[in-house]
Structure formats: structure tokens, C-alpha cells
K.L.:
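Structure incoming, see below.
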Amino acid sequence: MNKKEILEKFSADPKRYYNVNLFEDKGFERRSCNICNRFFWTLDSERVKCPDHSDDTYSFIGDPPTSKRFDYTQSWKEVESFFVKNDHTSINRYPVVCRWRDDLYFTIASIVDFQRVMGSKVVFEFPANPLVVPQTCLRFKDLENVGVTGRHFSSFCMIGQHSIPNENGYWKDECVNLDFNLLTQQFGIAKKEITFVEDVWEGGGSFGSSLEYFVRGLELGNAVFTEFQGDLSNYKTLDQRIIDMGAGLERFAWITMGTPTAYDCCFGPITQKLIQKEGIDSDSSVLVPYFTEIAKNLELYDDLSQVRKNAIKTTKLSDEQINRIITPLEGVYLIIDHIRTLIFAISDGALPSNVGGGYNLRIMLRRIISTMDRLRLKFDLDEIIDIQIDYLKNTYPELEKTREDVKEIISIETGRYDSSKQRMQKIVSKLNKEPKVEDLITLYESDGITPEYLKEMKVISEIPSTFYTKLSDLHQSKKQKDEINFPLEGISDTELLFYGEDPREFSAKVLKSFGNFVVLDKTAFYARGGGQEPDHGEINGHEIADITKHGNIVVHEIKGEIPKEGDTVSCKVDGKRRDGITKNHTSTHIINTSARSVLGSWVWQHSAFKEEDHARLDITHHSALTEKDVSNIEKTANSIIAKSIPVKIENFDRGTAEQKYGFRIYQGGVVPVKSVRIVSIGDLDIEACGGTHVENTSDIEQIKITKTKRIQDGVVRIEFVSGDSAKEFVKKKQHDSESKEKEEKLKEQEKEKRMEQRQLAKERIPVIAKSLLESEQGISTIDEITIELAESGKANFCYSTSNNYDDVFHIGLGEILCKTDPKMIYCGLFEQGEKIRVIVYAGDDISKEKSAGKIVKNISQMLGGAGGGSPKFAQGGGTDKSKKEDAIKNAKSMINE
Ligand SMILES: [Zn+2]
Ligand SMILES: [Zn+2]
């Protein structure tokens, strides 16, 4: 059965599904629309068409049917006071980032607040009954409608009226009664204006009949009577029936104000402010007919550009009017809407990125910027954020706390977009054909080029409808782990000793053994979970290979002999390893909260890994961490250790924990059980967590961050050590830096010594020269200078390769020697920094046969450099210090040849 068939089935039995007491009491008549045949209930005897096809559709624009006027803030106050007066609890909105559901990134309806997934089943958990909630919901599938249609938003407030029929709550009759009174009494809408339409609503594996209520063609709310589960052809009655009434707060405001669009009355003073700033002529005689026409046409055509074209034609607007009024207004509406959504999303911890739900946020910000560019609007985004939060905090006071964080994230993201534009333009200019959906995905994934940008650049005319679905599929498909199917049926839950006394040695009974696996009646071995690695240890002296948890049963994999079922085994946990892991686990919580306090409210745990001697925490953050960030996080973490804060562990009913501590508890993801274990470190960090923890933060002694890295867009990895590992790390680092210091000191000393020697050498040049010249025939060495006096007539050679001499010395000594002995060739080689230099002198006589310039040229080449000069004096050098001795040998052979 499809939805249409099930509706037909329900409508065939109106008494069972739709006829509520109110209809009887007030004398509502049930009619079938003479155009679409849908059934509706009305007090207006002249009404023969359903709201979609009535003539008064959207006639409230410019002529509201109420005597009262309420804007967005006031409308909620009215709704809230009405329901509270009628024994409902008004609860605060839940985060727009849906932390309690794995299958949803954002909260899309108020009922989602109370849905929890248990295995394959969705269960409802209400913090109060009955209740009402102003739930901000994010929906991105109609983005192109936002700003254009007058009523589409990327985020809106769903008034959630929810009840479980029991001694406190109610069912259909009371629900519809309340909704009718809300409209008539609180909002002053005439009874005849209200039409209830029969419908069916399904979602989250359950469904039921529903009554949508309309005023002048505008659907204000939908009361769903959820009572079946399963699919539409094969279903059974739910154990727990639910009233799921959702109404759009923006529409409640709109119907009382009768403004051309819902945007005009729902964003507070910012809309008028921007309209005035841009000097847009918001002439209501143009806007009222135009937007009424748009609203009517929306029901008739799927294609938005067609809707717009028709409205322009019917209202006879000129191109000039469109360009001067409508187009800039659409831009202003879009910008305000998108910023409002970003305020909620960023406040609740989401970051623009290229993955998951972050993608939608990035797209929205880019749409804001490109709209401003296209229309040449010069808006100050910070100012828009400020004015919006000033207005929104009447209903959502929590937004005040994240005001600056929202500005920071938007400014970082705007800067990134601006700096990537040039690169994007270059890539786009190289595209030679219109890209297909697959190409669009590649362009986005690898170059960050959004289809919105390509549309703006006129590369594509439309964004393919499959783009967003394909992209989100790509990011949502989680790898299915190969689940080994263990034969665990009928085995009772394992008693977990590590949550109690946590002995290092214990004995237990074998409940089941198969393959290499053993299930015990109780265990103190921690099974892999929550990023915490499993314990090591022995069962009956045999080493454990792995420990895993399946539901509430712990399975131990053993290397070696497997005990028999019924045996009692003695078990030993590797305590040292566990202590290391435990310290690292509590440290993860400490670093997480430290990072949040240092960096900003957007920091959440993305994932974590804890081993005995090292651990890592991946957090959500927009940029790579700076050295200062790291040092501040480390300082904050160690100050938490220094404060010796007790680590408290308590079990709560999930709903109670959520209400008491909020959704920050889900750092490690969704908790699929009704009772949650809350680990709190004072009021600094409170998380739902099943891991092992120290009793007091002081037990950790020390935390040291060893490395950080940006591992993906919006995620930063922090690697760290704690306890003994941290101490060792610090010791090693200290040792490393000490020995490095020592080495440097030694080098410095050597350098100083050499400088001294060189100074001394300069002063001793005449003395050294004298001794050299007085030396006997043959080879002699004085102060690291070698002199080879040849038989008469041949060249005498004097050289030094000592680094104790510098250029001033060689020039000084060479000059004296060669002046005194015209057959002398002097060669000085010495290192200077990275280089090796050479200086050659030749006496008057010998220089005619052996040129100093030639010798230097030759030697310098050997040293990997260049040099030259006159026959009597030349200098040069190179970089290859290893060729020093070869160079001298070469000089000698040049002289003796
Ligand atoms: Zn109809
Ligand atoms: Zn934990």
C-alpha cells in the first residue's frame, strides 16, 4: 500500500480515524474537495474546495484574518502561555545538531527530540507529558526556494505539541480541541476560517492518521496521531501511541501580521534595517499582489522559475521593478535566513566543512557571499549576527553565550572562500564542456568548487537535483564491519567486574567455549570499546589475544588451550597496562574540555584512541593548532590535574541525564542503552562513557601533548601521553635538549678558542716566518705549517691546511715568505663556515713558471668551486671539504712537474 491508498483506507472510516469530539461539538461538516476529492472538515457552509484549491488562498497577505498582531517572538510567547495554561510543560529546544541519532545530522522535526534508536527500533522518551517545545529545525532540501517563495526557510521553529495518552497525557480529541482553541482564543482567528484536512503521516518507522489545519490556504499545523508501526502494507499497533503535532511558528506570526512574506515578520528588526540600508523601495502595492501570486502558483508548478515567471506576468511587474525591488529583496531575505541557520548550527557545535552536515553550512555561507557579490550588497555580517541574536535571545537565551564564536567561525570561513576564489576561477576557466553530476562531485571534493558557484559563473544552468543526494550518500555510507556471528544465544549477560571492585586477579566460570573463544560468567578484562583498547592478561596461564563485547556478553579470544564449558578458570589482568590505558582515557576527557575552553564552543570529540603508553583525541576545529594553542591546552589540562578533582561515576536514566546535563554528554557518540554511565570531572567535563577512569585527576600526574595535526577539514588530531609515559617523554625531551645544549656549548667554546689562536697567530707571523725560512733542507713542520725546501734551482713549497689560521694570516705569511724567497710557493687552505678557501702566493722567480692563478683555479675546481688571480697572488675556494688533502697533493704535483 502506498500513502494515497492508506489515506483512502483511513478516509473510508472517518469515524475511526478523523471524527474528533470537536467536530461533533461545534458542528463541523465533512466535505470532499470538488477538485482533488480530499476530505476536509469546516464550519463554513460555502466552502466546497480544500484549502489548496480555495479562492481565498493566501488572501491573508495584506489582510490578516486576526484582530491581533504577533511577530515571531510574540507568537511563541502566545503559544507557550496557552499550552502552559493547559497543563503542558514548556521545555527548551534541543540542539539542531542531532547528537542522539546516528542516522540524522540535523534535527528536522520536534518529534526527533524524543526519538531514540534501540537496535532497529525507534522508541519515544518524553521528558514531560504533555509538553510543548519551540524546536528549531534545519532543512536543506528547498534551499533554492528560500528568499523567493515568501515562506521557505532553511531553518524554522516547529512548535511541537507532544503527548502520550495516559493518566497525564491525551489522545486525538483533546489534541484537536487544544489546537482549535489556540487558533481561535489565543490568536483570535474566526472559527469559520479554520479547515481541517484528512491526511496520513509516516516517518521513523511509524505512522498514523493526521489532521492538517489551514487558515486561508496556509497550513499552520499538522496533528499526527501516531499509532502504527511497520510499513504501510504490513503494520501493527504501537505499544505506545503518540500525539505528534507540529506547527510552523513562522506561519503563526505571518498569518497575524499579513506581511507580503513570512520573512518580513520573523527575523525581527534586521529585515527593515537592511532594506533601508540598501534603499529598496518596499512598496506594498507591488509586494502584496506579487507574493500572493507567488504563493498561489507554488501549488501549481514544480519549477520555481516558472512560478516566478507566472507571478511577474500576472502582476504585470516591469523588468525595472523586478531588478529594483524583487531581486534585491530576495537577496536580503536569503542572507538573513541563512545567517539565522548558521547562528543555530554553529552555536550547537557544527562547523562548515566539506564532510557530512558541515557541507550544508559551507554551501549556505557561500550562497550568502555570492548573493552579496551578485547584488553588490555591502553588509557587515557581524552586525547582522548581532542584531539577529539580540532578537532571537528573547526565545533562545542560550545563543548569547556563543555570539562571538559564531562571528569567529563565519569570519574564518568567509576569509577562506575569498582566498580560494582566484584558484576556483582558474579551474573553472579551463572547463571545456558542461560538467556532469560526477564531475560536479569531483570538482567539489577535490577543489571545493560548489555547484552554486558554477551556476553563478554560468558554467551550468541548473544544479542537478541528484547532486546533493549523491554527495550525501558518499559521505554517509559507513563501512560495515564484518560482524562475526558468534553462537551466543541463550547465554546470560557477563558480569562486568571492572565497573565494580575491578580485581587484577579473579576466577570465573566458563559459560561457553568455541573455536579460540571463551565466554565467562564474569570478567575484569575490559573489552575493546569507546576508543579504549582491550586489556591484556591470561586465562589459566594462556595469553589473551583479544576481547570484544557483543551486546552485553564479553568474548575472550585465547592463544593456546581453550578451557571447557563448566570449568572454573583463574584470570589475571595486566595491571600495568590497564593503569596506563585508564590514565590516558581520563586524560582524553581532560584534553577535550581543555581544548574547548581554549579554542571555542565548537570543539567536540570526533573520535579517540587509548593505548597503554600513548593516546589520541580527534576534535572538531576549523584550523590547524598553533604552538600557542597546544601550549594553552596542555597548561589547562595540567591545571585540572593539579586541582585534584575527583572523577565521579553515576548511572542515570538516559532522559534524565540529557535533561540534567544536556547533549554535551554525547562526546563519544550515541548511547544505545536506556541507562547511561555519566563520568564527571567536577563540572568541567561531563560525558556518557563506558570506559575505565582514575578516581582523581591527580592520579594522572602529568599530560604531555606530543603532536598535533589537521587530519581532515574541520578535524584536528591531538596525540598525547600521560602518567609515567608523560614523565618519560618529558625526561627524554629534557635529556635531548640538554645534550643538544652541551653540544652547542662545546662548539661555541671551540670557536672561541680558534678565534683566539688566529689572533695569536697573526701576531706571531714574523716569528713563524723566520723559523720556517731558517729550517733545513727537506720537509719540516712548524705550528701545523709544512715547508718543503727543494734542491737549489727548484721550487720551494710551503703550505698549511689547519683551521687555526685565517685569510689574514695566510696573506701575511705568504707575502713575507715569497718576498724573502723568490722561489717559494705558498698555499693556505682553511675552512670558513660551510666553505673551504684557498690562498696562493708565488715568489717573483717561480711565478714565471708556476702561476698562482693557475694553481688556485685548479684547486678550486677540485673543491667544487672556482677561483683565480695573478701569477703572484690568487684566491678561491669551494664547498667539498673532504677534498682538502687531495687539493694540496694536486698543488704539489703541479709545482713539481
Ligand atoms: Zn483540493
Ligand atoms: Zn570516555
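First listed ligand is number 1; within each ligand, the first listed atom is number 1.
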K.L.:
Quick check on the Zn ion (ligand 2): does His693 put an N/O/S atom closer than 2.8 Å to it?
P.N.:
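No N, O or S atom of His693 is closer than 2.8 Å to the Zn ion (ligand 2), so no.
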K.L.:
Is the cationic atom of Arg30 (NZ for Lys, CZ for Arg) positioned less than 6.0 Å from the six-membered ring centroid of Phe39 and within 45 degrees of its normal?
P.N.:
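Positive - Arg30 is close enough to the ring of Phe39 and near enough to its axis.
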K.L.:
Report the atom name of the nearest N/O/S atom of His589 relative to the Zn ion (ligand 2).
P.N.:
NE2
K.L.:
For residues Asn584 and Glu611, is any side-chain donor paired with an opposing acceptor at under 3.5 Å?
P.N.:
no
K.L.:
At the Zn ion (ligand 1), what is the angle formed between atom SG of Cys50 and atom SG of Cys33, rounded to the nearest 10°?
P.N.:
110°
K.L.:
Taking the six-membered ring for Trp, are Tyr661 and Phe652 parallel (under 30°), tilted (30 to 60°) or perpendicular (over 60°)?
P.N.:
perpendicular
K.L.:
When you draw lines from the Zn ion (ligand 2) to NE2 of His585 and to SG of Cys689, what angle lies between them, to the nearest 10°?
P.N.:
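Roughly 100°, rounded to 10°.
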K.L.:
With heavy-atom distances below 4.5 Å as the criterion, would you say the side chains of Phe207 and Lys3 are in contact?
P.N.:
no
K.L.:
Would you please say whether a donor-acceptor pair under 3.5 Å links the side chains of Ser11 and Glu198?
P.N.:
yes
K.L.:
Among the N/O/S atoms of His53, select the one at the shortest distance from the Zn ion (ligand 1) and name it.
P.N.:
ND1
